[in-house]
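Please read all numbers here as calculations on a predicted model, not as lab measurements.
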Amino acid sequence: MSGGEQNEHREWNDLLHGFIDGELDTANAARFEAHLATCRECADEMENALMVKRLSAREGVKWQAPDAVHARVQAALSLEQAMMARAAVARNQTENRWQRAWRLLREWSFVPSLAVLAASLMLVLNVPQQSQTIEDQLLASHVRSMLADHLTDVLTSDQHTVKPWFNGKIDFSPPVVDLAAQGFPLVGGRVDYLDGRVVAALIYRRHGHVINLFIWPGASGAHGSAEKDGYNFVEWHADGLVFWAVSDVAAPDLSTFRDDFTRATNP
């Protein structure tokens, strides 16, 4: 088959599934029906596609996602809806600030002093904008990593493989340890994006649950913990780095993970 014939056949092949699913407009459907009458290859491909469609429609053939997957999808959708609602509120607040500024501008238009006008505008516009919290960003990255099949960029429990993998991908060296002996086996690592910068993410498991440990350079601070939408967070600082662990494991387990990780990296 020549290059021109291959390109022409690729066009018909692209139309095939649209024709089967009833998605083509009247003109393209008529064109495809006319082509089927003269092309044995396309007719065979359509018959195969129809057979697969019939088989997949049978009872018990379709794969049913586990309840845990449904729950995670619902959690991700709820999180996305909450974030969209917050973004809408922030947009409305921004619009209201500019509306107030324009009203003041009109009311103060008779004042000859630009300094007074500028000061008034600063008072109106200098309102802190509502922003997404670090917990929101961490939770979104944690859920997204499991839903988008991007839990790891490097899949291995060997800490001596994971640690050098980060070289050249981030501008710091994260500590990497395997805590299998403590009940938190290392799964792998990946790079992620949080709070305006690229960060390291180490992935651990606890009785089938995923723990995402996010690491980036930052100032020292106190340990902290939080809970949001059924997920637990723990935060700590060491050696000029910030650590945030996120998981749906119980809060005591996540605190134990933090303590075990700290002991392993600072013997």
Self-check item: Test salt bridge (Lys or Arg N to Asp or Glu O under 4.0 Å) applied to R258 - qualifying residues, sequence neighbours left out
Solution: none

Self-check item: Set of residues satisfying side chain to side chain contact (heavy atoms under 4.5 Å, CB included) with respect to A180, sequence neighbours excluded
Solution: D178, P185

Exercise. Calculate, to the nearest 0.5 Å, the distance between atoms CZ and CD belonging to F243 and E235 respectively.
Key: 11.0 Å

Quiz item: Looking at CG of L179 and CZ of R205, how far apart are the two atoms once the value is rounded to the nearest 0.5 Å?
Solution: 15.0 Å

Quiz prompt | Under the ring-ring contact (aromatic ring centres under 6.0 Å, His included) test, residues paired with F166 that sit two or more places apart | solution = none

Quiz prompt | With sequence neighbours excluded, residues passing salt bridge (Lys or Arg N to Asp or Glu O under 4.0 Å) with D25 | solution = none

Practice problem: Carefully, step by step, assess V143 and Y231 under the rule side chain to side chain contact (heavy atoms under 4.5 Å, CB included). | Solution: CA-CA 10 Å; V143 174; Y231 291 86; 3.9 Å; yes

Quiz item: Please walk me through it: do D192 and Q137 pass side chain to side chain contact (heavy atoms under 4.5 Å, CB included)?
Solution: CA-CA 11 Å; D192 212 314; Q137 296 182 52; over 6 Å; no

Quiz prompt | Nearest heavy-atom neighbours spanning L241 and P175 | solution = CD1-CD, 3.7 Å

Exercise. Would you check if R206 and F257 make a side-chain contact, meaning some heavy-atom pair closer than 4.5 Å?
Key: no

Quiz prompt | Partner set under side-chain hydrogen bond (donor to acceptor under 3.5 Å, both in side chains) for R31, not counting sequence neighbours | solution = E11, N28

Quiz item: Where is the tightest heavy-atom contact between P174 and I215, given as atom of each residue plus distance?
Solution: CB-CD1, 4.0 Å

Quiz item: Which residues pass the side-chain hydrogen bond (donor to acceptor under 3.5 Å, both in side chains) test with D260, sequence neighbours left out?
Solution: R263

Quiz item: Do F172 and V198 come within less than 4.5 Å of each other through their side chains, counting heavy atoms only?
Solution: no

Quiz item: Given side chains that start at C-beta, do those of S141 and N212 come closer than 4.5 Å, heavy atoms only?
Solution: no

Self-check item: Set of residues satisfying side-chain hydrogen bond (donor to acceptor under 3.5 Å, both in side chains) with respect to T161, sequence neighbours excluded
Solution: D158

Exercise. State which residues pass side chain to side chain contact (heavy atoms under 4.5 Å, CB included) with S247; sequence neighbours excluded, sorted by chain then number.
Key: H209, I211, V249, L254

Quiz prompt | ring-ring contact (aromatic ring centres under 6.0 Å, His included) partners of F214, counting only residues at least two apart | solution = none

Quiz item: Considering residues at least two apart in sequence or located in another chain, which fulfil the side chain to side chain contact (heavy atoms under 4.5 Å, CB included) criterion with A251?
Solution: N232

Quiz item: Out of curiosity, L186 CG to L213 CG, how far, rounded to the nearest 0.5 Å?
Solution: 10.0 Å

Quiz prompt | Set of residues satisfying side-chain hydrogen bond (donor to acceptor under 3.5 Å, both in side chains) with respect to S173, sequence neighbours excluded | solution = K163

Self-check item: From H237 atom NE2 to T262 atom OG1, the distance as rounded to the nearest 0.5 Å
Solution: 12.0 Å

Self-check item: Contacts of type side chain to side chain contact (heavy atoms under 4.5 Å, CB included), residue P164, not counting sequence neighbours
Solution: N167

Self-check item: F261-F184 aromatic ring centre distance below 6.0 Å
Solution: no

Quiz prompt | Heavy-atom pair of closest approach, residues A200 and I170 | solution = CB-CD1, 3.8 Å

Quiz prompt | Ring geometry between F233 and W244 (parallel below 30°, tilted from 30 to 60°, perpendicular above 60°) | solution = perpendicular

Quiz item: Are Q182 and D259 close enough that some pair of their side-chain heavy atoms sits under 4.5 Å apart?
Solution: no

Quiz prompt | Side chain to side chain, V177 and Y204, heavy atoms closer than 4.5 Å | solution = yes

